[in-house]
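Remarks on the structure that follows.
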Amino acid sequence: MRDSSSHRRTPRTPHSLHRKAAAVALVGVSALIAAAVQSGAATAAPQKAPSAASKVIPGAESLKLTPAQRAELIREANATKADTAKDLGLGAKEKLVVRDVVKDGDGTLHTRYERTYDGLPVLGGDLVVETAKSGTTETVVKATQKAIRPATTTAALPAAKAETQALKAAKAADAKTPDVNRAPRKVIWAGNGTPTLAYETVVGGLQEDGTPNELHVVTDAATGAKLYEYQAIETGTGNTMYSGTVTLGTTQSGSTYNLTDGARGGHKTYNLNRGTSGTGTLFSGPDDVWGNGSASNTETAGADAHYGAALTWDYYKNVQGRSGIRGDGVGAYSRVHYGNNYVNAFWSDSCFCMTYGDGSGNTHPLTSIDVAGHEMTHGVTSNTAGLNYSGESGGLNEATSDIFGTAVEFYANNSSDVGDYLIGEEIDINGDGSPLRYMDQPSKDGASYNNWTSGIGSADVHYSSGPANHFFYLLSEGSGAKTINGVSYNSPTADGLPVTGIGRDKAEKIWFRALTTKFTTTTNYAAARTGTLAAAGELYGTTSPEYTAVANAWAGVAVGSRPGGGGGGTSFESTADVSIPDNGAAVNSPITVSGRTGNAPSNLAVAVDIVHTYIGDLRVQLIAPDGTAYTLKAYGTGGSADNLNTTYTVNASSEVANGTWQLRVQDNAAQDTGYINSWKLTFP
């Protein structure tokens, strides 16, 4: 059960005691206000991802059907729809109309139906039936739970009356030259309340701004009362601060428009008006134009946030096959104008919402595209891997939001905010026009880590995210100098060797699959490498260039080694087995280094291969010739995995290179055993 209290977080704190972070913030700069972090009670085991995320399980992903394949599935569904209606317990006058079929890799079918009653279309009566490969009906999702039993199918109201009412509604919305482009048809209205006989009339012509009009008006066929109306062409205009003039998903109620996106799970955007609690006021107005591109107009930030949420929804649905943050088709909501001079933005599980401040002087709302994608991705992570918001897993949590915030920005293809590998470049948090973070070389922000190093888990999660951000850039674009969308990058590697990118699209797929099928609450960098390699192997094969690129990109940020033990330089290795006593004294495995001059390097590579049944029990240290100890892995870290096979990077520049180096390993808890299989020092 989650704790409903709030906690303040200060950047650069040690490991948090919180087991589950449900509200996480974008900004990790000590000069800024820290974000509220919502935490939950400790759990004995990693939280299992909900079934909504099951599309990433092998065989559960939807197949890409050709038109012919889809047509055949629809034909088969049509051939059995009478039996399906009977199985569902529908009434004798109800019939199903097949609208779409999606097939999963494991043979599961998701068939979407509309309904008719006594030959009349039932508006709001659609349903989706999930059928296993065996033919067994697994689930049925209905638009309405009400039984379709209207009192009558004989209209008391002439169709002409319904037509007149529809034209009146269009004129009230200031439509230009409205005309009835479809004669009123009798329907059963089941959108709300008791299913009722009605007329549906569609009015054409032009809307007030010249947009084509398709106003649907539903009229009670007995009383003449207007039951419902909607504009099928929903094109609200947002004059945003960062993205120019864009189309927004909005809803019209009578003569009032509001920022409710009916096409994206009912996502709503609210104005907190400097408040710090509650939902705020839903943005609404007499027209469908929002903001003027200036921060002084309160609607502008709302337009940016609403647009960013729509882009993020579309990215996850269209690219990753995930409908909404929880995968359940339900939209979150956004709140803007939080507090006064609040220089932050955050996601909170407790409200299932994004919240944005207006920045220093209330002049730069934190509502750019990549920030919106970043915040909503915290929700996705919470509902999949649940990466703990501290230690190395916290860094991976933050990096995941940066990765998909970047992915959403590229997906948007917006000329006013082009895709790049810079985080928060539009919101000017630093006051000098510089980005908040750099994915190609994270250390350029003055605080983030380019590469993994021992002790990185003690850093603030916004800075320990650096190696994963760097990995994603290398995997996508490769190392070295290049210009992308007008932005210059020059990404280094920890081992000095080049990395060839595989393209951002593939990198996104690999990370998302790892996040949803391989990562857990306690995943650290070593486990992230294992998980992304497994994901790449499942998607592309373990002998593929993509698989090799993942290994190379991780080696490029000092996590693991190159395939085949590459990495260059001079290596010294011990292959002698050394038993590790269960809950006993530390053991040492020595390596003598000779023939070197001067001190060891700042990027000394320490490759460790330890066979053990529970690596969380182990403390692993590198002991320099003068006895200085460098902790590679602390006791209690690493999770519950078997075996430790990874490469650490140590800044050993204060140590003389020649002499006897030792790998010291101690088992600190009972019931698990193992041995040092081998280890290697590499001097680049």
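Side-chain contact check for T500 versus N552: every heavy-atom pair is 4.5 Å or farther apart. When side chains are defined from C-beta on, Y489 counts as touching D420, because their heavy atoms get closer than 4.5 Å. Looking at P442 and R437, their side chains never come closer than 4.5 Å, going by heavy atoms from C-beta outward. The closest side-chain heavy-atom distance from T649 to N451 is not below 4.5 Å. Put simply, the side chain of L387 reaches to within 4.5 Å of the side chain of L515, judged on heavy atoms.
In this structure, CZ in R335 is found 12.0 Å from OG1 in T269, a value given to the nearest 0.5 Å. Here OH of Y547 is found 4.5 Å from CG of L533. Values are rounded to the nearest 0.5 Å. Residue R322 holds its CZ atom at 10.5 Å from CH2 of W313, rounded to the nearest 0.5 Å. The distance from the CD1 atom of I610 to the CD1 atom of I615 is 9.0 Å, given to the nearest 0.5 Å. Distance check: T406 OG1 to H374 NE2 gives 10.0 Å after rounding to the nearest 0.5 Å. Atom CG of L396 is separated from atom CG of N469 by 10.0 Å, given to the nearest 0.5 angstrom.
Counting only N and O atoms by type, the side chains of H612 and D672 include no donor and acceptor under 3.5 Å apart. Under 3.5 Å, the side chains of E508 and Y315 contain a donor-acceptor pair of N or O atoms.
When the side-chain contact (heavy atoms from CB on, under 4.5 Å) test is applied to P365, the partners found at least two apart in sequence or on another chain are M241, Y242, A295, A301, D358, T367. Contacts of D440 classified as side-chain hydrogen bond (donor to acceptor under 3.5 Å, both in side chains), with partners at least two apart in sequence or in another chain: none. Residues satisfying the side-chain hydrogen bond (donor to acceptor under 3.5 Å, both in side chains) test with Y525, not counting sequence neighbours, are none. For K268, there are no salt bridge (Lys or Arg N to Asp or Glu O under 4.0 Å) partners at least two apart in sequence or on another chain. Remark: T276 pairs with Y338 by the side-chain contact (heavy atoms from CB on, under 4.5 Å) rule, at least two apart or across chains. D314 is linked by a salt bridge (Lys or Arg N to Asp or Glu O under 4.0 Å) to R264, counting only residues two or more places apart in sequence or in another chain. Every residue was checked against the side-chain hydrogen bond (donor to acceptor under 3.5 Å, both in side chains) condition with S465, not counting sequence neighbours, and none meets it. Residues satisfying the ring pair (Phe, Tyr, Trp, His ring centres under 6.0 Å) test with H267, not counting sequence neighbours, are H306. E546 meets the salt bridge (Lys or Arg N to Asp or Glu O under 4.0 Å) test with K506; sequence neighbours excluded. The side-chain contact (heavy atoms from CB on, under 4.5 Å) check on T279 picks up Y270, Y333, with sequence neighbours excluded. Residues passing the ring pair (Phe, Tyr, Trp, His ring centres under 6.0 Å) test with Y356: none are found, sequence neighbours excluded.
Classification of the F410-Y421 ring pair by plane angle, with boundaries at 30° and 60°, yields tilted. Classification of the H462-Y389 ring pair by plane angle, with boundaries at 30° and 60°, yields perpendicular.
In this structure, R326 forms a cation-pi arrangement with F352, its terminal cationic atom sitting closer than 6.0 Å to the ring centre and no more than 45° off the ring axis.
Side-chain atoms of K518 never come within 3.5 Å of backbone atoms of A385 as a donor-acceptor pair (strictly under, hydrogens ignored). With S479 contributing its side chain and V499 its backbone, the two residues share a donor-acceptor pair below 3.5 Å. S448 contributes no side-chain N or O that, together with a main-chain N or O of D445, makes up a donor-acceptor pair within less than 3.5 Å. Between the side chain of E392 and the backbone N or O of G457 there is no donor-acceptor pair closer than 3.5 Å.
Around NZ of K317, the count of heavy atoms belonging to other residues, nucleotides or ligands within 6.0 Å does not exceed 12.
When each of T646, T530, T532, T647 is checked for a side-chain hydrogen bond (donor to acceptor under 3.5 Å, both in side chains) with W554, only T532 meets the rule.
Within the structure, salt bridge (Lys or Arg N to Asp or Glu O under 4.0 Å) pairs that include any residue of residues 302-312 do not occur (at least two apart or interchain).
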### Task
For the pair Y473 and Y438, evaluate side chain to side chain contact (heavy atoms under 4.5 Å, CB included) and give the outcome as yes or no after the intermediate values.
CA-CA 10 Å; Y473 176 87; Y438 305 77; over 6 Å; no
### Task
List the steps and the verdict of side-chain hydrogen bond (donor to acceptor under 3.5 Å, both in side chains) for N450 and S443.
CA-CA 6 Å; N450 281 343; S443 62; 3.0 Å; yes
